[in-house]
There are 2 protein chains.
Amino acid sequence: MTLTTAEENYLKAIYHLSEGGTKSVSTNDVAAEMKTKPASVSDMLRKLGDKQVIEYRKYYGVNITEEGKKRALQTIRKHRLWEVFLVDKLQFAWDEVHEVAEELEHIQSPLLIQRLDAYLNYPKFDPHGDPIPDEYGDVRARPRLALIEMEVDQSGQIVAVKDSSAAFLKYLDKVGAYIGARIKILDKVEFDGSMEILVDQKKTLFMSKDVAANILAIQS
Amino acid sequence: MTLTTAEENYLKAIYHLSEGGTKSVSTNDVAAEMKTKPASVSDMLRKLGDKQVIEYRKYYGVNITEEGKKRALQTIRKHRLWEVFLVDKLQFAWDEVHEVAEELEHIQSPLLIQRLDAYLNYPKFDPHGDPIPDEYGDVRARPRLALIEMEVDQSGQIVAVKDSSAAFLKYLDKVGAYIGARIKILDKVEFDGSMEILVDQKKTLFMSKDVAANILAIQS
DNA sequence: TTATTGATTTAGCCTTGGCTAAAAATAAAA
DNA sequence: TTTTATTTTTAGCCAAGGCTAAATCAATAA
Ligand SMILES: [Mn+2]
Ligand SMILES: [Mn+2]
Ligand SMILES: [Mn+2]
Ligand SMILES: [Mn+2]
């Protein structure tokens, strides 16, 4: 049973909103995420329910099924592989890839994805640090935490961003934060939650709590 | 003014059927090419006429406009660049690329195509020997003729195929004909139009007139 | 326990791109 | 010139994905 482009986009949104299928999702939340109206979402949920990729009980949100999770992860895999291609091979900036990948992820060709994966040397993470599921939908997730959750004097390495909007990514470029950077928390300001971070043992960075909440790191 | 995927496909079909905009095209011909019904074509022709990419007079075929030609050539450019990518970078066989390129050609991103073109080193021909229009829609076409039009003892080089179906391309692979091969006409059989060809000064190939009509060469 | 409110669904409409069957126009034959 | 055959268009229908407005349900407050 195949999904349309619209259905794939909805399913991906539901997967993300449900945090990997662990919680149920409301019609209104899906509408907000998809920038569409709740009435349109109700229609689509009925269709996705018919196709068994979600479990839909009227008036009580939806839960993604195992089959649905598998489908969503396939689309996510394609999205992230294309992002790697755009950045590594075509010199796109990491803030320029999302929209294009949003289209490319719907190209139907298992051979294409298999070959692309090999060509990119089986990458494990996309340009934003998000893990790329393998062809069976398995994700080798690293334990990550937001900078804002780290304590003063703790060290680590930036591995991903929570917000992949162009605006945020451009800001990170400007201040010199990037995935792979080694960091150390120098100070946390009680008053406004802002932080002072040492990057690569040489550069000091001040950031608001909003920024610190959207940078993910592993501790070391 | 933007075209939908369906409109782009129709326009491309009309461009090809009109032999680059030189002749007008009938509703039935478009229907056959698009594997759809004449009634559906009538509808679409009205839409394309409204968008000024064709000139549509009811009951008398259509002619593609200058604007339409430019649009069609952009789509053709994208199709052929993707085919080069699939063959050169992802190791697709030349008979495996068409369907995928038929989807990829509709991805909307001028930057993507510009970067892809550079990445592929500005190729001038696709894997089937068809010329790739530049970003302004200019095509540097080589004068080509079908093997069947060549005379005994004439020499040349295979530069393209007229039929790009998987079946035909697989057949060419099997018998060892390929784009770039140097050839010489050894014999033409009056009775059935079949031919005997010398490939690369060493291999002799017998082919039916149907095959010979679908291989294009430049004379030398 | 009833009334109210906020979330959700239903009803009805729109556009795109298909289809079939019927009507109409053109082209060909008598 | 009239009839016939072929091509093309029109009319009316369908499914997918949107929308707005109205109805309905569930949860909460009174
Ligand atoms: Mn998408
Ligand atoms: Mn990403
Ligand atoms: Mn296409
Ligand atoms: Mn080609």
Side-chain angles (χ1 to χ4, degrees), chain A residues 1-15 17-18 23-64 68 71-72 75 99 102-103 105-108, chain B residues 1-15 17-18 23-64 68 71-72 75 99 102-103 105-108:
Chain A
M1 182 263 324
T2 68
L3 300 176
T4 66
T5 291
E7 287 169 341
E8 283 186 349
N9 285 333
Y10 270 96
L11 193 58
K12 201 156 56 92
I14 293 166
Y15 177 84
L17 288 169
S18 70
K23 39 179 61 166
S24 66
V25 175
S26 76
T27 299
N28 267 10
D29 287 352
V30 175
E33 178 77 12
M34 296 296 294
K35 296 181 201 315
T36 183
K37 302 293 160 178
S40 308
V41 173
S42 282
D43 252 15
M44 183 55 91
L45 294 185
R46 195 185 29 73
K47 290 178 203 162
L48 292 175
D50 290 349
K51 293 194 173 181
Q52 322 261 331
V53 291
I54 61 172
E55 209 180 303
Y56 176 43
R57 277 183 54 219
K58 269 192 234 175
Y59 291 104
Y60 300 84
V62 297
N63 289 91
I64 196 162
R71 299 300 195 95
T75 306
E99 277 65 35
E102 202 56 53
E103 293 189 50
E105 70 187 358
H106 305 291
I107 303 287
Q108 300 296 352
Chain B
M1 185 262 323
T2 68
L3 300 176
T4 65
T5 290
E7 287 169 343
E8 284 185 350
N9 284 333
Y10 269 97
L11 193 59
K12 201 155 57 92
I14 293 166
Y15 177 85
L17 289 169
S18 70
K23 40 179 62 165
S24 64
V25 175
S26 75
T27 299
N28 267 7
D29 287 351
V30 175
E33 178 78 12
M34 296 296 294
K35 297 182 200 315
T36 183
K37 303 290 159 177
S40 308
V41 174
S42 283
D43 252 15
M44 183 55 89
L45 294 184
R46 195 184 30 72
K47 289 177 204 163
L48 292 175
D50 290 349
K51 293 194 174 182
Q52 321 261 332
V53 291
I54 61 171
E55 210 180 303
Y56 176 43
R57 278 182 54 218
K58 271 193 233 177
Y59 291 104
Y60 301 84
V62 297
N63 289 89
I64 196 162
R71 299 301 194 95
T75 307
E99 278 66 34
E102 201 57 54
E103 294 188 49
E105 70 188 357
H106 304 291
I107 303 287
Q108 300 295 350

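Each chain gets a letter, A, B and so on, in the order the sequences are listed, and its residues count up from 1.
Rounded to a whole Å, the CG atom of A/Leu45 is 10 Å from the P atom of C/dT8. The interatomic distance linking B/Asn28 (CG) with C/dA27 (C1') rounds to 14 Å, in whole Å.
Around atom CD of A/Glu103, more than 12 heavy atoms belonging to other residues, nucleotides or ligands sit under 6.0 Å away.
The shortest distance between side-chain heavy atoms of A/Asn9 and A/Glu105 falls below 4.5 Å. The side-chain heavy atoms of B/Tyr10 and B/Val41, taken from C-beta on, include a pair separated by under 4.5 Å. Contact annotation: the side chain of A/Leu3 never approaches that of A/Thr75 to less than 4.5 Å [non-hydrogen atoms, C-beta and beyond].
Contacts of A/Thr27 with the nucleic acid, taken as non-hydrogen atoms under 4.0 Å apart, involve only primed sugar atoms and P, OP1 or OP2.
Taking side-chain N and O atoms only, B/Ser42 has a distance below 4.0 Å to OP1 or OP2 of D/dT9.
Partners of A/Glu8 under the salt bridge (Lys or Arg N to Asp or Glu O under 4.0 Å) rule, at least two apart in sequence or in another chain, do not exist in this structure. For the salt bridge (Lys or Arg N to Asp or Glu O under 4.0 Å) test, residues two or more places apart in sequence or in another chain that qualify with A/Glu7 are A/Lys51. A search for salt bridge (Lys or Arg N to Asp or Glu O under 4.0 Å) contacts involving A/Lys58 returns nothing, not counting sequence neighbours.
Near DNA chain D, meaning a heavy atom under 4.0 Å away, the residues from residues 31-39 of chain A are A/Thr36, A/Lys37, A/Ala39.
The minimum heavy-atom distance between B/Val53 and B/Arg71, with the atom names listed, is CG1-CG, 4.3 Å.
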Every protein N/O lying under 3.5 Å from an N/O of nucleotides 14-17 of chain D:
residue : atom : partner : partner atom : Å
D/dG17  : OP1  : A/Thr4  : OG1          : 2.2

Contacts under 3.5 Å, N or O only, protein and nucleotides 23-26 of chain C:
residue : atom : partner : partner atom : Å
C/dA25  : O4'  : B/Tyr59 : OH           : 3.4

For this session: Test A/Met34 against A/Met44 for side chain to side chain contact (heavy atoms under 4.5 Å, CB included), laying out the working first.
Result: CA-CA 12 Å; A/Met34 296 296 294; A/Met44 183 55 91; over 6 Å; no
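Salt-bridge check for B/Asp43 with B/Arg46: passed, with a basic side-chain N closer than 4.0 Å to an acidic carboxylate O.
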